[in-house]
Structures are given as C-alpha cells and as structure tokens.
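See structure below.
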Number of protein chains: 2
Amino acid sequence: MKENTRQKLINATYEEVYSNGYQGAALADILTKAGVHKGSMYYFFANKKEMALSAIQEKMSERFDMLYLSITKDEDNYLQKLFDLLRDTSRRDFSRGCPLANLVQEMSNLDEDFNQALQKIYNKFREVVRLIYDKAVENKELVACDTDKLSLFSIIVLEGALLSVKGSGNIQDYTDAVEMLIEYIKNI
Amino acid sequence: MKENTRQKLINATYEEVYSNGYQGAALADILTKAGVHKGSMYYFFANKKEMALSAIQEKMSERFDMLYLSITKDEDNYLQKLFDLLRDTSRRDFSRGCPLANLVQEMSNLDEDFNQALQKIYNKFREVVRLIYDKAVENKELVACDTDKLSLFSIIVLEGALLSVKGSGNIQDYTDAVEMLIEYIKNI
DNA sequence: TGTGATGTTGACTATTTGGTCAAGTTGTAT
DNA sequence: ATACAACTTGACCAAATAGTCAACATCACA
C-alpha cells in the first residue's frame, strides 16, 4: 500500500501542476484529488516543492520514454514514425499545452532547483530526438546533417506551435507548423 | 499627478507579472515597487486582475509597436530590418523570456478574460509580422508566398527559441534557431 | 501475542493572500 | 474663502496558504 499513497500523490500533483502551474497548484486541491490526508503527504515528502519535483521528474521521463524513446528501439522507419507522432493531434492536450514548456516558462527563472531539474529533462528530450535523427541518418532515411541542430529546431517548432495554439485558440496553427517543419526536414 | 500614480501601478504590475507570473505576483510587492498604497490602487482599479489586464494590454502594445510596427513605417529594407531585430540579442531578456508567451502559457487555460486579452495581443503581433513580410514582397525583397503562414512560423520559431534558452540556459539555442529561420526564409 | 516500524488522521498554527473602508488630504473652480 | 471632487492613507478583515504534530491504526515478524 505504501507505493499506492505515494503514487496517488505523484499523479495528483502532476495533474494539478500541469493544469494550474506550480504556484497555482494548491496543496489542498492536490490532497483532495489524491484522496490523501495532509499528514500522510508530509510523511512521504518534505514539502510541496519536493513533491512537485518528484512528480515532474517521474511523470515526464515516463512520458518521453513512451512517446519518443520507443521510436529509437524499432528497426526502421525512424523518420516516418517521428512525423506520425508529430502529426498525431489526438495525443496532445492543446488546452493545457506542453507540461515541460509550461513549467520551464513559469519556474526556470524563479527557482534554481526547478531550473536544474527542468534543464535535465529538457536536455534529455533533446537527446532522444537527436537519437531518432541519428538512427534515421544511419538507416539512409535522412542525408547526413547536423542532427543536434535539427533536434533543437524540431523541439523549438514543436513547443512554439503548442504555445501558438494556446495563444490563438486555433489548432490549425499546430498542424501548419508541423507540416512546415516536416517540409523543411525533407528538403535538407 | 493622477496619471502618475496610475502609471506607476501599471509599470510595477507589468514588471512583477513579467518576473513572477500573474499568480506569483503579490499585490503587496507590486504596491511596494510602485510606492503606492493599497487604497490608492483600489481607487484606480477594481481588483488585481483588472490592473494586470490593463498593464498587459498597455505595455505590450507599446512594446510591439516600438519593436515591430516601426519597421513597416520605413521605406525599404523590411526583411533586413526584421532579421536585424531577430538577431539583436541585446534587446532580449533571456532569463525572463517573452512576456506574452509567459502569460499565454500560464493563463490562457485558466481564465477566460486573460485568454481573450492575450488572443487579441497575439493576433495583433502576428498581423504586424505578416505586414512586414507583405511589404517585403511588395518591395521585391522576398518572392511572393503565403505571408500569413510565414508569420506564423516566424513567431513560433521565435517563441520556441526563447523558451529553449530558458530550458537549456544556453543563448546559443536562440541564435542557432534564428539563423535557421532566416536561412529558411531566404530559400523560399 | 506482543512489539516496533510503517503509515494515517485531522485539528492546529503562522503567515500571506486579495480586498474593504472610514477618515483624511489635496487640487480646483467659483 | 468655500465647497466639492479627486485622490491618499493605513488599519482592518476573511479566506487561503503551506506546514506541524500528537495521537491513532495497521502491519510484519519474533
């Protein structure tokens, strides 16, 4: 049962922080959503910040591994699978946007611990995307190029596109941007 | 003196919200920074939210007009002036990022009034960039193309690049992305 | 079955939050 | 000079905030 309570807190924290930001996520709401009492929470975590950092690290790694790292473990069609993933709007929560981007925007210049944790996650994300491009080059799906810069550009367009949808309320912004990015990559 | 107090509040609110987000901006801090007492503030604004919305609208319009709209009022070199502006890192606050993007990320899915205000500002920004590209096409600096999508893509790359710097702590991300965008535009 | 470790409960606190208000000061026009 | 509007002051308030704690329950195991 131990992991149960902890995991319920991690899940609820992640959800509340994703929806409201770290500063906007009230402890009382997290506890209600998790169905856990305050004292129990302080048994597992030192404070709100430690719980949020744990939630972010655990849930985001999980998410990136599932979505992106899995592609590198296949045998071929690396590029196509990445394009498919980018094009798949059903997997995206356009209202809440990108969980990582939200927190980077909110916290990286406010708290050094968040800054460091988010930098690690962000760099890992970028490495995974670069790995996909490296495999694509290796497999002759893509001509040899600066895959590091390409992964940077890809993430920038992805994050920017998700932000744009939040700003305009128009999902078309996302699909347009993704197609422009894919066109760019095909023309390298 | 009337405009003085109001303006001090607008400036302080903008700064505090820019640094800490709307939810993280404490009224007490805004008042201290402005050197204005609470009662005075509530004489000029109905509440924190109205004051923040006023600050955002007034200060952001001012900023976009100064940076971007001014380009469209010149006679030529539209494209070059836009590229110069994008390349000018001295004008950017990489630690705090883009004021508009920060607020869109934080508030657009939390409050409908913020959502509407930010959408207007965001759309205006995009229109101004499109106007620059339209003038560039008209002036034969750029071949005829879908300037609307190009403005979308430009803003997405810009916002994404600023976010990336926050995420990685590396300003090179910004300059790399801007050069890739400029290369893309030159190759249209 | 008793004992210590692991986990749970919810009332309690101190502080900070946005917001109110009655009393005061200043400016301005007649 | 007077009167009225424009503006300022800071004490006060209720609600929400993160965090504490002593008592209690449950579990594993000797």
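Chain letters run A, B, ... following the sequence lines, proteins first and then strands; every chain starts at 1.
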Between A:Leu53 and the options A:Asp113, A:Thr13, A:Leu118, A:Asp111, the side chain to side chain contact (heavy atoms under 4.5 Å, CB included) test singles out A:Asp113
Tell me the interatomic distance from B:Asp29, atom CG, to C:dT16, atom C1', rounded to whole angstroms. 11 Å
To the nearest Å, give me how far apart CZ (B:Phe44) and P (D:dT9) are. 11 Å
B:Phe114 vs B:Tyr22 aromatic rings, parallel, tilted or perpendicular, using cut-offs 30° and 60°? tilted
With the side chain defined as heavy atoms from C-beta on, A:Ala26 is closest, among C:dG19, C:dT9, D:dA18, to D:dA18
Counting just side-chain N and O atoms, does A:Tyr43 come under 4.0 Å of either OP1 or OP2 of C:dT8? no
For the residue pair B:Thr175 / B:Arg87, report whether a side-chain donor-acceptor contact shorter than 3.5 Å exists. no
Taking the six-membered ring where the residue is Trp, are the ring centres of A:Tyr133 and A:Tyr78 under 6.0 Å apart? no
Residues in salt bridge (Lys or Arg N to Asp or Glu O under 4.0 Å) contact with A:Arg92, at least two apart in sequence or another chain: none
Could you tell me how far apart B:Phe45 (CZ) and C:dG18 (C1') are, to the nearest whole angstrom? 16 Å
A:Glu16 CD to D:dA18 C1': how many Å, rounded? 15 Å
Contacts of A:Ser40 and A:Ala25 projected onto DNA chain D by closest heavy atom; the upstream (5') one is A:Ala25
Side-chain N or O of B:His37 closer than 4.0 Å to phosphate OP1/OP2 of D:dG10: yes
A:Lys8 has an atom NZ; how far is it from atom C1' of C:dT8, in whole Å? 11 Å
Report the distance from atom OH of B:Tyr22 to atom P of C:dT17, rounded to the nearest whole Å. 13 Å
Please state how far atom CG in B:Leu31 lies from atom P in D:dA11, giving the value in whole angstrom units. 14 Å
Between atom CE in B:Met41 and atom C1' in D:dA11, what is the gap in whole Å? 17 Å
For C:dG10, take OP1 and OP2 only and decide whether either is under 4.0 Å from a side-chain N or O of A:Lys38. no
Counting only side-chain N and O atoms of B:Thr5, is one of them less than 4.0 Å from OP1 or OP2 of D:dT8? yes
First encountered from the 5' end of DNA chain D, between A:Gln23 and B:Val36: B:Val36
Which nucleotide in the set C:dG19, C:dT17, D:dA18 lies at the smallest distance from any side-chain heavy atom of A:Leu27? D:dA18
